[in-house]
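Residues take their numbers from the sequence shown, with the count starting at 1. Not measured: the values here are computed from a predicted model. No hydrogens, no waters, no symmetry mates; every other heavy atom, side chains included, goes into these values.
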Amino acid sequence: MKMKFLAKAAAVLLVTVSLFGGSLFDNPYDGEKKSEYKYEGSSGAHYKYDLSDPSDRIEYSTDLDAQMNDKMSVSPNRDLDRQMGQFGGGIDPND
């Protein structure tokens with residue numbers, strides 16, 4: 001009886017893990033951090049959006065968090081990038 005319960009529990013666990021796209025062997029500490037800040041300006045500042053790309057500009061226009069990050073940013077790197085003609089949107093608040 002106990003073995004049937006353990007077998008069912010293991011099956012439920014495997015189904016649950018597979019439904020959510022995980023793996024029992026995933027290690028959250030290996031590999032590089034996947035960042036949402038994919039665009040890097042010449043100053044080294046990271047942005048979610050490259051505003052010279054029309055599709056990024058559309059996405060940025062609906063991303064209120066990214067717009068707020070830009071308004072609240074005190075990073076001098078953002079100004080340096082703009083002076084060089086690079087217009088990133090949604091600056092990484094850790095930059």
R82 to G88 - nearest heavy-atom pair and separation: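 Taking R82 first and G88 second, the nearest heavy atoms are NH2-O, 3.6 Å.
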Residue pair K48 / D63: nearest heavy atoms and the distance that separates them: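 That closest heavy-atom pairing would be NZ-OD2, 3.0 Å.
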Student check: side-chain heavy atoms of Y60 and Q67 closer than 4.5 Å: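 With C-beta onward as the side chain, the pair touches.
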Contact check, side chains of Y37 and N94, non-hydrogen atoms, under 4.5 Å: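 SC-SC contact between Y37 and N94 ruled out.
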At what distance, to the nearest 0.5 angstrom, does [atom1] of [X] lie from [atom2] of [Y]?
{"X": "L80", "Y": "S75", "atom1": "CG", "atom2": "OG", "value": "8.0 Å"}
{"X": "Q86", "Y": "N77", "atom1": "CD", "atom2": "CG", "value": "11.0 Å"}
{"X": "K71", "Y": "S73", "atom1": "NZ", "atom2": "OG", "value": "13.0 Å"}

Residue pair D95, R78: steps toward the side chain to side chain contact (heavy atoms under 4.5 Å, CB included) verdict: CA-CA 9 Å; D95 277 352; R78 187 166 179 255; over 6 Å; no
Side chain to side chain donor-acceptor pair (under 3.5 Å) evaluation trace for Y47 with D81: CA-CA 11 Å; Y47 304 91; D81 287 339; 2.7 Å; yes
L51-I91 co-clustered via ILVMFWY side chain contacts under 4.5 Å: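 In one cluster: no.
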Backbone of G90 reached by a side-chain donor or acceptor of D70 within 3.5 Å: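 Flag set: sc D70 to bb G90 pair under 3.5 Å.
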Over 12 non-hydrogen atoms of neighbours within 6.0 angstrom of CE in M84: yes
CA sep, side-chain torsions, deciding dist, call: H46, S35, side chain to side chain contact (heavy atoms under 4.5 Å, CB included): CA-CA 10 Å; H46 296 87; S35 177; over 6 Å; no
Stepwise side chain to side chain contact (heavy atoms under 4.5 Å, CB included) check, R57 with Y49: CA-CA 7 Å; R57 208 172 319 130; Y49 304 102; over 6 Å; no
